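Because the structure is a prediction, the values reported are computed rather than measured. Residue numbers run from 1 in the order of the sequence given. As a basis for the values below, the full set of heavy atoms in this structure was taken, side chains included, without hydrogen atoms, waters or symmetry mates.
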Amino acid sequence: MKSVRPMFAALVGLALSTSIAHAQTTPSDVRDLVGARAAGGESELASRGYINVGGQSGDDRKWTYWWNERRGVCLSVTTVNGRYDAITATPAPDCRKGGGGGYRPQVDYRPGPAYRPNSDDYREHIALICYGEGEKYTNEYTSGYEWDSDKRRYVPRSGTQPTTKDYDTSVTIQIDGDVGQIRPAKNMIPPIHGDSDGGWYQISNLSISRDTIQGQFKLNGANRPKLTIDRRSGHITLDGLTKFRGTCTPMDADRRF
C-alpha cells in the first residue's frame, strides 16, 4: 500500500495543477465547450459572435481559428476524434477576418526586418505563419496531498516545480534577404527568457536554399532552438529545450513560399 499512496498524491496534485492551467488559457466565455462535439461546438461559437477563419490539419488533430470582431479575440480550437480537445486564446495575426482574399494582419503584426540586398540583387522575402504542437520547460504550481511516513497520514503539499508542458500554438516567421526573425506565441516562451523586440527574436546562422530554411534563435542562455523548414512540404521543426513541429502557410495569398 505504501507504494500506491505517493502515486495517488501525485495524481491529485496533477489534476489540480492541470485544472489551474486550463482555466488560465481558455477564455471564460468558451470554457464550457471544451470536450464538446465539433459540430455542436461550431454552432455555439457562431452564436457567441465567433467566425471560422480557417485552420490546418495534423496527423491526428485539426486546428481551426475563430475571430470575434466585437471582442477582438482570436481562438485556436484543437479537435481530436471529433471533439474539442482544447480552446485557447492566440495572437490576433493567427486569425483571418472574413472569407476569401489574402491574409490581413492584425494589430500586433509588424513590418519585416530591414532590407539587405544579396550579392546578386535578389532577396528572398518570406512571411509565414506556422501551426503546430510542441513542448517547453516551465515552472508549474502544484498542490495536493502527500503521504507523510513520520506522521503516518496524508498532509497537504504545495509549491512550484519544473515540468514540461504541451501546447497547440503557432509561430510567425519573417525573412528579408539575409535577415530573419521569429515570433513564438506567448505560451511557448519559458519563464526565464532573454529580451525580444516586441516578441520577435533574431534568427542567427540563417541559411536559405531552394529546399530548406535553417537557423537558430536564443530564448535564454540554455535554450537556443534550432529552426528547420522543409520548403517542399512546409513542415517546420524547432529543436531545443523548447520544441515545436507543424506546418507553415505563407501570409502572401498569391503564392507558396
How many angstroms lie between atom CZ of Arg210 and atom CZ of Arg231, to the nearest 0.5 angstrom? 9.5 Å
How about Trp147 and Tyr154: are their ring centres within less than 6.0 Å of each other? yes
Decide yes or no for Thr88 and Thr169: does some side-chain heavy atom of the first lie under 4.5 Å from some side-chain heavy atom of the second? no
Would the distance check show the side chain of Arg224 and the main-chain N or O of Lys218 forming a donor-acceptor pair, the cut-off being under 3.5 Å? no
Decide yes or no on side-chain contact (heavy atoms from CB on, under 4.5 Å) for Tyr50 and Asp29, but give the supporting numbers first. CA-CA 11 Å; Tyr50 290 91; Asp29 65 323; 2.8 Å; yes
Rounded to the nearest 0.5 Å, what separation is found between the CD1 atom of Ile51 and the CD atom of Glu69? 7.5 Å
For the student: nearest non-hydrogen atoms of Pro184 and Tyr201, plus distance: CD-CD1, 3.8 Å
Quick check: do Leu128 and Thr172 have side-chain heavy atoms less than 4.5 Å from each other? no
Would you say the side chains of Tyr84 and Arg37 form a donor-acceptor pair under 3.5 Å? no
Check step by step if side-chain contact (heavy atoms from CB on, under 4.5 Å) holds for Lys243 and Thr237. CA-CA 7 Å; Lys243 299 182 183 295; Thr237 59; over 6 Å; no
Smallest heavy-atom separation, Trp66 atom then Cys95 atom, equals O-SG, 3.5 Å
Side chain to side chain contact (heavy atoms under 4.5 Å, CB included) partners for Asn220, two or more places apart: Pro190, Ala222, Asn223
Gap between atom OG of Ser196 and atom CG of Leu219 - 0.5 Å precision: 9.5 Å
Looking at every heavy atom in both Tyr131 and Ser170, which two are closest together, and how far apart are they? CD2-CB, 4.0 Å
Minimum heavy-atom separation for Leu206 to Gly180, with atom names? CD2-N, 3.8 Å
Partners passing side chain to side chain contact (heavy atoms under 4.5 Å, CB included) against Arg157 (at least two apart in sequence or in another chain): Glu146, Asp148, Val155
Do Pro27 and Leu75 touch side chain to side chain, with heavy atoms closer than 4.5 Å? yes
For the residue pair Asp150 and Arg152, establish whether any side-chain heavy-atom pair is separated by less than 4.5 Å. no
Compare every heavy atom of Thr247 with every heavy atom of Ser233, then report the nearest pair and how far apart it is. O-CG2, 4.5 Å
Hey, is the main chain of Gly82 close enough, under 3.5 Å, to the side chain of Thr79 for a donor-acceptor pair? no
So, Ser204 side chain and Gln216 main chain: donor-acceptor pair closer than 3.5 Å or not? yes
A side-chain contact here means heavy atoms from C-beta on lying under 4.5 Å apart; do Tyr65 and Thr90 qualify? yes
Heavy-atom distance under 4.5 Å between the side chains of Ile236 and Val171, does that happen here? yes
CD1 of Ile189 to CZ of Arg183, rounded to nearest 0.5 Å, is 10.5 Å
Phe217 and Gln181: CA distance, side-chain angles, deciding distance, side-chain contact (heavy atoms from CB on, under 4.5 Å) verdict: CA-CA 8 Å; Phe217 65 100; Gln181 57 185 0; over 6 Å; no
To the nearest 0.5 Å, tell me how far Gln174 CD sits from Ile182 CD1. 11.0 Å
Could you check whether atom CG of Asp211 has more than 12 heavy atoms from other residues, nucleotides or ligands sitting under 6.0 Å from it? yes
Pairwise side-chain contact, Ile173 with Ile229, heavy-atom cut-off 4.5 Å (strictly under): yes
I want to check something: taking the side chain as every heavy atom from C-beta on, are Leu45 and Val77 in contact at a cut-off of under 4.5 Å? yes
Arg48: partners by side chain to side chain donor-acceptor pair (under 3.5 Å), with sequence neighbours left out: Asp32, Glu44
Chi angles and distances behind the side-chain contact (heavy atoms from CB on, under 4.5 Å) call for Val80, Lys62: CA-CA 7 Å; Val80 178; Lys62 179 181 179 182; over 6 Å; no
Ignoring hydrogens, what is the shortest heavy-atom contact between Leu238 and Pro225? Give both atom names and the distance. CB-CB, 4.4 Å
Approximate separation, where rounding is to 0.5 Å, of Leu227 CG and Ser207 OG: 10.5 Å
